[in-house]
2 protein chains.
Amino acid sequence: MALKPVIPKGTRDFSPVEMAGRNYIFETIRQVFKLYGYTPIETPAMENLSTLLGKYGEEGDRLIFKILNSGDFLANADRNNFNDSSRLSIDICEKGLRYDLTVPFARYVVQNQHEIVFPFKRYQIQPVWRADKPQKGRYREFYQCDVDVIGSDSLLNEVELIQVIDEVFSLLGMKTVTKVNNRKILSGMAELIDRSDKITDITIAIDKLEKIGFLKVTEELKSKGLGDKEIEKLKPILNLSGTNKEKLSSLREVFKDSEIGLKGVAEMEEIFGYLDELGLNSQTELDLTLARGLNYYTGVIIEVKALDFSIGSVCGGGRYDDLTGVFGLKGVSGVGISFGADRIFDVLHSLTLFPEEILTPSEILFVNFGKKEAIYSLRIMNGLKKNGIACEIYPDPVKMKKQLAYASQKKIKWVAIAGEEEVLNEAVTLKNMLTGTQETIKKDKLVEKMNPGN
Amino acid sequence: MALKPVIPKGTRDFSPVEMAGRNYIFETIRQVFKLYGYTPIETPAMENLSTLLGKYGEEGDRLIFKILNSGDFLANADRNNFNDSSRLSIDICEKGLRYDLTVPFARYVVQNQHEIVFPFKRYQIQPVWRADKPQKGRYREFYQCDVDVIGSDSLLNEVELIQVIDEVFSLLGMKTVTKVNNRKILSGMAELIDRSDKITDITIAIDKLEKIGFLKVTEELKSKGLGDKEIEKLKPILNLSGTNKEKLSSLREVFKDSEIGLKGVAEMEEIFGYLDELGLNSQTELDLTLARGLNYYTGVIIEVKALDFSIGSVCGGGRYDDLTGVFGLKGVSGVGISFGADRIFDVLHSLTLFPEEILTPSEILFVNFGKKEAIYSLRIMNGLKKNGIACEIYPDPVKMKKQLAYASQKKIKWVAIAGEEEVLNEAVTLKNMLTGTQETIKKDKLVEKMNPGN
């Protein structure tokens, strides 16, 4: 009996049509990264478990795919652990699949610190793996597109990344709003109610504001030990409105006794100052409810929302002051963002924003009439390819109808017919598959015809 | 104590400089694939072990990285297997990392047979993983670049793939020879000595001819049960010489009683016939010792050797008649080749064949003198980027010496200096980092200066 051809749940194949869309997204992002002077790195899919574990919280640790040691992995296993999957897994697995690109990047920076030119502007586009329960839009293998600057405190980096975001979505034709906040402003809020010990609880709760609403967040804050009075003090801040400038100026007032709060306000004022001078296609909005669960952010926090389509954030990130500390390199500050390729794909697909031309593999299909005509066609094709025109010949001399159907299914726009008569006349008959019209031209004119701008 | 930042043995990080070289290779290959009408697919890194096991021989099975089931993996393990790593591994692992791109491709074709337009011309550039003993030039994670046509028996496909090889190495500036053989010719040889049962042993032994020499191959053939007389009969064939045409014409004689041998000769004659008409940059050579260990090839076998550098094959492949049979789709013939990116990298690196421009991330670095000048520079940079000129500003207003050192280390050719005076005069001073010369020009002239061909 034949094997059933299936892939593990939560994983995906990408067909040529899907790849065309994905590559268009990756290429657009890559092109912008390059324009801004970022260079790529890649790290291995497998990292040592010691590198990965303990970096993503308890839940994260459970979601890391572990790789069984090769050979006789039981030889070094402690038999006392044979009833405990969790403990045994550490005995029999040394490696795991990377869970994100951030921890491998931190590991890379520390490992290669003496070769790296700082400030280090790097991007990285690679898959990551998580043993999450698969569901709509959540996969066990998916790509992340990260771009970071590490080794510079300058807020120009934040400005630049917001420009990068603006440029990427502008090129993709996606309407977005870039929401920004600052961890120091959140710290100021905690300081305001004199509960700096609760900052993580507060940011995690605030992060859920949009999802579960103010009432439930209030309940959560209470359950974390905040009093009614403290929550009351936070309320006006969460409900601040007006322009970015107005919000910041109100905050200056609120934070008059909080050094860190004022620092956060000053940073945001500087960033908005630059952005106003430069002009962007999309809006950037100070959003004090923005916290993003990750508690390693120390400064600016960024999140991008699509405007014409309801979906989670399509890009996000922020500044972190001590990413590499755990690997022994202290005091290196960085700022970075990550584009969500899968969600961007869903938006572009749903709003039919993919350009049509990305779907065409070849521009011309040559009909195959047999050996003599094929050689004639292949020679013409050599000339086309030298001019960068993608073309192919149907490999078998089957019925023309079948060959035309192939062109049509593959959305190839032109079919070139070079039969006995064309060979005699050094010509080729060109059929437009969209309109059905056809004309016979000299074979020397074909390149010009296909590439009038040349 | 800080964690030591190391990666698993046999895996690699790729720095920006290495990535530039690798991307240049992948882009060149991709560009040629596209010109010939091939479209990309991608498959997941993880496949079910049932898909992978039993496809690569016993040794191959051992080299597959297995992924530990998530959660309480011991719950479904047979306790009788707790002394046998090999058997227990099947209880506790359902998935493995792909070992090559061929088996996942076969699985993909069968799983998606009703959506695929045949003949299906696909390429696939993705990493594969093997738990091999790491050594120089052998890694546990490496990329394969596969290109295949499936669903067509036409030898035009073989011709096209040989053209693809010629074009790729020609664009990369690498001198190569493409060695070709045909499994049917090898079968003819087995038939000649009436030992068709030994064809696998013979091809495996012949595959080692170059590595271990005729004498040792003879010993191996003897150990596999071939007699002196049979080996003697094979000898003249292995030592055939002359042009491709001469070799084929001698073979016609030798194979006069072997139908399959003659079929192989006819196929090679047809392929060489096309190639002669089309003209290639590199040589294609019939090499009867070429067998390539894989016993799923049924027709043409291809292997490419670098001429100016001693290294294994840089590309290889062949025709297979029943790749998808194991997944339940019979009678689909395909032909494909795989480029060895790592070896190609080594050749280009060793012979310094990488173009210099691939190493430059930005074309211009703007010196940072503080906020006012930075805004002036950022505005100019917006204009440069709109014209596709990659540029960056040093993020911090540190000493100019440090900023110039950054440009120099990153091999950025131009440094733009826009200080107080330049801002006043709407100018920018441009320093050539290679020659040290500098000139001050109006800021409007910068795009033209950087992009004279525009």
Side-chain angles (χ1 to χ4, degrees), chain A residues 2-3 5 7-8 11-16 19 34-37 39-46 48 50 65-68 70 72-74 82 85 89 93 95 107-108 110-111 117 119 127 131 141 152 154 156-157 277-278 326-328 361-362 374-375 378 385 390 392 395-396 406 409-410, chain B residues 2-3 5 7-8 11-16 19 34-37 39-46 48 50 65-68 70 72-74 82 85 89 93 95 107-108 110-111 117 119 127 131 141 152 154 156-157 277-278 326-328 361-362 374-375 378 385 390 392 395-396 406 409-410:
Chain A
L3 269 167
I7 47 177
T11 70
R12 293 167 290 174
D13 286 321
F14 296 111
S15 70
M19 284 298 292
K34 202 171 141 50
L35 264 185
Y36 282 79
T39 51
I41 68 160
E42 278 185 13
T43 62
M46 300 188 279
N48 291 323
S50 57
F65 280 111
K66 298 186 182 71
I67 293 161
L68 194 64
S70 318
D72 186 11
F73 60 87
L74 285 171
F82 277 25
S85 287
S89 73
C93 299
K95 297 178 288 288
R107 192 266 311 142
Y108 175 91
V110 181
Q111 194 174 340
V117 183
E141 173 180 58
S152 161
S154 167
L156 267 187
N157 299 303
E277 294 285 349
L278 291 171
V326 65
F327 296 111
S362 292
I375 289 173
L378 285 166
K385 285 180 200 136
E392 58 187 292
D396 305 271
Y406 172 87
Q409 286 171 303
K410 286 191 73 180
Chain B
L3 268 167
I7 46 177
T11 69
R12 293 167 290 173
D13 286 321
F14 297 111
S15 71
M19 284 299 292
K34 202 172 141 50
L35 264 184
Y36 282 79
T39 51
I41 68 160
E42 279 186 12
T43 62
M46 300 188 280
N48 291 322
S50 57
F65 279 111
K66 298 186 182 73
I67 293 161
L68 194 65
S70 318
D72 186 11
F73 60 88
L74 284 171
F82 276 25
S85 288
S89 74
C93 300
K95 297 178 288 286
R107 193 265 312 143
Y108 175 92
V110 179
Q111 193 174 340
V117 183
E141 173 180 58
S152 162
S154 167
L156 267 187
N157 299 304
E277 294 284 349
L278 291 172
V326 66
F327 297 110
S362 292
I375 289 173
L378 285 166
K385 286 178 198 137
E392 59 186 291
D396 305 87
Y406 172 87
Q409 285 171 301
K410 287 190 75 179

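In the text below, chain A, chain B and the rest are named by the order of the sequence lines, each starting its count at 1.
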Problem set entry | Proximity breakdown for Lys385(A) and chain B, heavy-atom pairs closer than 4.5 Å | both
Seminar exercise, completed: In terms of heavy-atom pairs under 4.5 Å with chain B, the winner among Ser154(A), Pro5(A), Ala390(A), Ser15(A) is Pro5(A)
Exercise. Cut-off 3.5 Å, side chains only: do Thr43(A) and Asp13(B) have a donor facing an acceptor?
Worked result: no
Exercise. Among Pro127(A), Ala45(A), Ser70(A), which residue forms the greatest number of heavy-atom pairs with chain B at distances under 4.5 Å?
Worked result: Ala45(A)
Problem set entry | Contacts of Thr11(B) that satisfy side chain to side chain contact (heavy atoms under 4.5 Å, CB included) - sequence neighbours left out | Pro44(A), Met46(A), Ile7(B), Pro8(B)
Exercise. Any side-chain heavy-atom pair from Phe327(A) and Gln111(A) closer than 4.5 angstrom?
Worked result: no
Problem set entry | Interchain contact, Arg12(A) with chain B, by part (heavy-atom threshold 4.5 Å) | backbone
Exercise. Of the listed residues (Val110(A), Leu156(A), Ile67(A), Leu74(A)), which shares the most heavy-atom pairs with chain B below a 4.5 Å separation?
Worked result: Leu74(A)
Exercise. Side chains of Leu68(B) and Phe65(A): does their closest heavy-atom pair fall under 4.5 Å?
Worked result: no
Problem set entry | Contacts of type side chain to side chain donor-acceptor pair (under 3.5 Å), residue Ser85(A), not counting sequence neighbours | Asp72(B)
Exercise. Gln409(B), Glu392(B), Lys410(B): which one forms the most heavy-atom pairs within less than 4.5 Å of chain A?
Worked result: Glu392(B)
Seminar exercise, completed: Of the listed Pro361(B), Pro119(B), Ser362(B), Cys93(B), the one with the largest count of heavy-atom pairs under 4.5 Å with chain A is Pro119(B)
Exercise. Looking at Asn48(A), Val117(A), Ile375(A), Asn157(A), which one has more heavy-atom pairs under 4.5 Å with chain B than the rest?
Worked result: Asn48(A)
Seminar exercise, completed: Under 4.5 Å to a heavy atom of chain B? For Glu277(A) that would be both
Seminar exercise, completed: OG (Ser50(B)) and NZ (Lys95(B)) are apart, to the nearest 0.5 Å, by 11.5 Å
For this session: Any chance you could measure Phe73(B), atom CZ, to Ser89(A), atom OG, to the nearest 0.5 Å?
Result: 5.5 Å
